[in-house]
2 protein chains.
Amino acid sequence: MVACQVAICYNGLSYRVIDTLVTTLTTDDDMSARAPTMRDVAAIAGVSIKTVSRVINDEPGVSSELAERVQAAVKLLGYRHNSAASNLRRADGRTATIGLLLEDAANPLFSALHRAIEDVAWEHDTLVFAGSSDADPEREKKIVLALSSRRIDGIIVVPAIHDHSGLVYMQRLGRPIVFVDRLAALPDADSVTVDNRVGGSTAVAHLVAHGHRRIAFLGDLHSIWTAAERHLGYIEGLASAGIQLDPHLVYQDIRGSVAAEFATLDLLGSANPPTALFTAQNLITIGAIRALQRLELQHKVALVGFDDLELMDLLDPGVTVIAQNAAKLGRTAAELLFARLGGDRAPPQHVVVPTRLIARGSGEIRLSS
Amino acid sequence: MVACQVAICYNGLSYRVIDTLVTTLTTDDDMSARAPTMRDVAAIAGVSIKTVSRVINDEPGVSSELAERVQAAVKLLGYRHNSAASNLRRADGRTATIGLLLEDAANPLFSALHRAIEDVAWEHDTLVFAGSSDADPEREKKIVLALSSRRIDGIIVVPAIHDHSGLVYMQRLGRPIVFVDRLAALPDADSVTVDNRVGGSTAVAHLVAHGHRRIAFLGDLHSIWTAAERHLGYIEGLASAGIQLDPHLVYQDIRGSVAAEFATLDLLGSANPPTALFTAQNLITIGAIRALQRLELQHKVALVGFDDLELMDLLDPGVTVIAQNAAKLGRTAAELLFARLGGDRAPPQHVVVPTRLIARGSGEIRLSS
DNA sequence: TGATATTTTGACAACGTTGTCAGGAGTTGA
DNA sequence: TCAACTCCTGACAACGTTGTCAAAATATCA
C-alpha cells in the first residue's frame with residue numbers, strides 16, 4: 001500500500017481535487033491528468049472493476065446501492081468510457097463507427113448524401129469517418145486501408161475506378177459494404193443509385209415534346225458509370241422518338257464548367273447547331289448556361305440539366321433539371337448498411353432511387369419554326 | 001502443440017489458404033475469418049511478435065533477412081494493423097483521428113470547410129470524424145461525448161450555444177480544441193473566423209458609395225455570434241457614413257429563405273422603403289432575391305449579400321457579395337490544431353481570415369434620384 | 001435450522017498491440 | 001585469446017476494457 005500525500009487516497013491510488021472533478025495524479029509533474037479509468041471508479045466506489053463495467057454497460061446483476069455508489073464515483077471523476085479498450089476485448093468486434101468514402105465532401109450532392117448517412121448512423125449510435133478520394137485510386141486505397149486498420153463496422157462507398165482489394169479484405173472480415181451512386185463492384189454488396197438511364201431518356205423525351213429534334217449531349221468522363229448510363233439514356237430517348245443520332249451532337253469526357261462552356265460554344269458555333277442541350281452533370285450545366293448567356297441564347301436554346309443546385313430556380317430562365325434525391329440516396333444506403341449490421345442475410349440488392357424532372361423554363365423553350 | 005488438419009500449420013496455429021490470402025481459422029465453423037494478427041505473422045515468418053512490430057512500424061534494429069521474411073508473411077496473410085490495440089498501449093496516447101463538429105455537414109460553407117480540414121488531416125495521416133449538431137446543444141453534447149470516448153487527438157468546433165463541459169474534459173486531457181467561425185469559448189483554445197464586422201461595414205460602405213442611404217439589414221438569429229458581428233458592422237458602417245440608423249430598416253432573427261422572402265416583402269411594402277439591402281446570410285440573400293424578383297425590383301433595389309454561392313454570378317443581376325473563404329477557414333483551423341498536436345505551446349491565438357467583396361451587379365445599382 | 005436455489009460480486013484471463021529490458025551473437029581492439 | 005562494446009532479437013509486462021466462471025451472500029422452502 002503506497003503512502004498517500006495528497007487530498008484523497010483510495011486503496012493505494014492518489015487523487016487531487018480540481019474544481020468539481022477529481023483528477024488522477026500522474027506519476028510525473030505534468031499537469032495534464034491521466035484519464036480516469038474503471039479502476040479509479042472502482043477504487044472510489046469501493047467495488048470491483050467488473051461491477052463498474054456492469055453499471056456502465058447497464059448490465060443486470062448489480063444491487064441498487066452499489067449502482068448508486070458507482071454512478072456517484074463516475075460523476076465525481078468525470079469518467080469517460082474508453083472505446084479502444086472496449087473494442088479490443090468485446091466479443092462481437094463492433095466499434096460503432098462506419099466509413100464513408102466520397103469523391104469530394106464539398107460537392108453538394110455528396111455533402112447532402114453525407115448528412116443523410118450521418119443522421120441514420122446517429123440513430124444507431126454510430127460515428128461516421130468521411131473521406132474524399134477525388135476519384136483517385138491511390139488515395140482511395142489509402143483511405144480504405146486507414147479505415148480497415150480502425151476496424152470500422154461497415155462502409156459506404158462512391159468508388160473510384162480502382163482495384164477493390166481493400167474492400168475485399170473488409171468483406172472477408174464480415175464488414176458489410178454498400179456502394180452508392182455506382183453499381184456494386186463486389187459480389188456480396190448492396191448498392192443504391194438513381195436511375196440515370198431513365199433520367200437521361202426522360203430529359204430527351206421532354207425536349208422532344210417541346211419540338212426539338214437536334215438535341216446535343218454533353219457528359220462527364222464516359223468511364224464514370226453514371227455518365228455512361230446517362231449517355232445510354234440519351235441514345236435510348238432518341239431511338240424512342242425515332243430520331244437518328246447525330247455524332248456531332250455528342251460531347252463526352254467533359255470535366256468542369258470551363259470545359260463545358262467551351263464545348264457549348266463549339267457546338268453552337270457549328271454549321272448545323274443543336275436547338276436543345278442535355279447537360280448530364282451539374283458543372284457541365286453551369287458551363288453551358290454561361291455559354292448561352294454569353295451568346296444571349298438562353299431564351300432560344302432549350303436546356304435540361306442533370307441534378308439540381310441552389311438558385312437554379314432564380315436564373316432567367318429557371319433551369320429545368322432531372323433532380324437526384326441525395327438525401328434519399330444517402331438514407332437508403334445507410335439503412336441497407338445497418339440492416340446488414342443487424343443480421344440481414346438476404347441476397348444483395350440494388351435499390352434504384354427515382355429522379356424527378358423539375359420544369360422551370362429552360363427545358364420548356366419550344367423549337368421555333 | 002495442437003494437431004493440424006488443414007493446409008498450413010505453424011507453431012500450433014492453423015491456417016487455410018483462400019485465393020492468394022492465407023486466412024486464420026476460427027475455432028467455430030463460421031466462415032468469416034479472424035483477422036490475422038502479428039502473432040500469426042510472427043508464426044509464419046518464424047520471428048517474435050516484437051520483431052514483427054519493429055518491421056510494421058519501421059523501427060530500426062532488424063536485419064534485412066528477417067525484415068523480408070516478415071514482409072512476405074504480411075503479404076501472404078493480408079495482415080492489417082489494429083489501431084485499437086496500438087492506441088491502448090502506445091505511450092503518447094495518439095489515435096491519429098480528430099473530430100469536426102459542424103452545424104450541418106450539407107451546408108456549402110461547412111462542407112467546403114470540412115473538405116479543407118480533411119485535406120490537412122490527410123497530410124498528417126489522420127482521419128476525420130465529422131458530426132452535425134444542427135445548433136442543438138443536446139446533440140452537440142452527445143457528439144462530443146462520443147468523440148471523447150474514442151480518445152480523438154483534437155477537435156475543431158463550430159459551437160452551438162451550450163455548456164462546454166465535454167470540451168473542457170478533452171482539454172483537461174491535453175486534447176487541443178480549435179473554434180472555427182466563432183470566437184473561442186474556452187480560455188486555452190485557438191480560434192479562426194472571418195472578420196464579420198469589417199465585412200458588414202464594407203457592405204454598407206459599398207452601398208453608400210453607390211448613393212444609398214436607406215439601407216436595410218436582414219440578419220440571422222442575433223444570438224449567433226457571426227450574425228451579431230455582421231449587425232455591428234452594419235451599424236458601424238452607417239455611423240462612418242454619418243447616416244442615422246433607422247430601426248424600421250433592421251430585421252433580425254430571420255431563419256431560412258422563406259422567412260427572408262417575407263421579411264423583404266414587408267420591408268419593401270412599407271411607407272418609406274429601403275433603396276438597398278444588406279442580407280447578412282446566404283439563405284436570407286436567396287429569400288430576398290426571390291422577393292425582389294417577385295416585385296420586379298431586382299434592377300432597382302441594390303443588394304449586397306454575405307457569403308457566396310454557386311450560380312450567383314449567373315443571376316440577373318449577378319449578386320454582389322461579401323465572400324468568405326471557407327477553404328482557408330478550414331485549412332487555418334486544421335493547421336492550428338496540428339501545430340498544437342505538434343507541441344506548439346504559444347499563447348492561444350485568434351486568426352482572422354479576410355472576406356472579399358465581389359461586385360457582380362446587384363450591389364452596384366445606383367440610387368436613382 | 002439446515003439445505004437448496006438464486007442473486008450478487010469479484011478474480012482473472014484475454015484481446016493485440018507497444019515499450020522496456022535482458023540475453024545472445026557478432027565485432028573490435030589489446 | 002579474451003574482454004568490452006554494439007547490434008539484434010525476443011520475453012514479458014502493460015494498456016483498459018469485456019467475458020467467463022467461481023465464490024459469497026441472500027432468499028426460500030421443508
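Just so we're on the same page: letters track the sequence lines, and every chain starts at 1.
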- Note on the structure: So CG of A:Leu147 and CZ of B:Arg80: to nearest 0.5 Å the spacing works out to 10.5 Å

- Message: I want to confirm an ordering. Mapping B:Leu66 and A:Ala84 to their closest nucleotides on DNA chain D, which one lands closer to the 5' end?
- Response: B:Leu66

- Should the ring pair A:His114 and B:His114 be called parallel, tilted or perpendicular, given that the plane angle runs from 0 to 90° and is split at 30 and 60? tilted

- Using modelled atom types only, decide if a donor and an acceptor are shared between the side chain of B:Asp136 and the backbone of B:Glu138 within a distance under 3.5 Å. yes

- Can you name the salt bridge (Lys or Arg N to Asp or Glu O under 4.0 Å) partners of B:Glu68, sequence neighbours left out? none

- Task: Give me the residues of residues 48-62 of chain B where at least one heavy atom lies under 4.0 Å from an atom of DNA chain D, by number, or none.
- Result: B:Ser48, B:Lys50, B:Thr51, B:Arg54, B:Gly61, B:Val62

- Once you build an axis from the first five pairs and another from the last five of the helix from C:dT1-D:dA30 to C:dA30-D:dT1, how far apart in angle are they, to 10 degrees? 50°

- Query: Quick check: does any side chain N or O of A:Asp153 sit under 3.5 Å from a backbone N or O of A:Ala96, one acting as donor and the other as acceptor?
  - Reply: yes

Show me the donor-acceptor pairs, under 3.5 Å and distance only, between side chains in residues 51-58 of chain A and residues at least two apart or in other chains.
| from | atom 1 | to | atom 2 | distance (Å) |
| --- | --- | --- | --- | --- |
| A:Thr51 | OG1 | A:Ser48 | OG | 3.1 |
| A:Ser53 | OG | A:Asn57 | ND2 | 3.3 |
| A:Asn57 | ND2 | A:Ser53 | O | 3.0 |

- Query: Hey, where on DNA chain C does chain A first and last touch, going 5' to 3'? Cut-off is any atom under 4.0 Å from a heavy atom.
  - Reply: C:dT8 to C:dG16

- Should the pair B:Phe129 and A:Phe129 be assigned to parallel (<30°), tilted (30 to 60°) or perpendicular (>60°) ring geometry? parallel

- Item | With B:Arg340 via side-chain hydrogen bond (donor to acceptor under 3.5 Å, both in side chains) - residues at least two apart | B:Asp190

- Query: If we only count heavy atoms from C-beta on, is the A:Ser132 to B:Arg115 side-chain gap below 4.5 Å?
  - Reply: yes

- Result for 5'-nearest mapping on DNA chain D, choosing between B:Ser63 and A:Met38, is B:Ser63

- Do B:Tyr169 and B:Val144 pass the side-chain contact (heavy atoms from CB on, under 4.5 Å) test, and can you show the C-alpha distance, the side-chain angles, and the key distance before you say yes or no? CA-CA 10 Å; B:Tyr169 175 90; B:Val144 169; over 6 Å; no

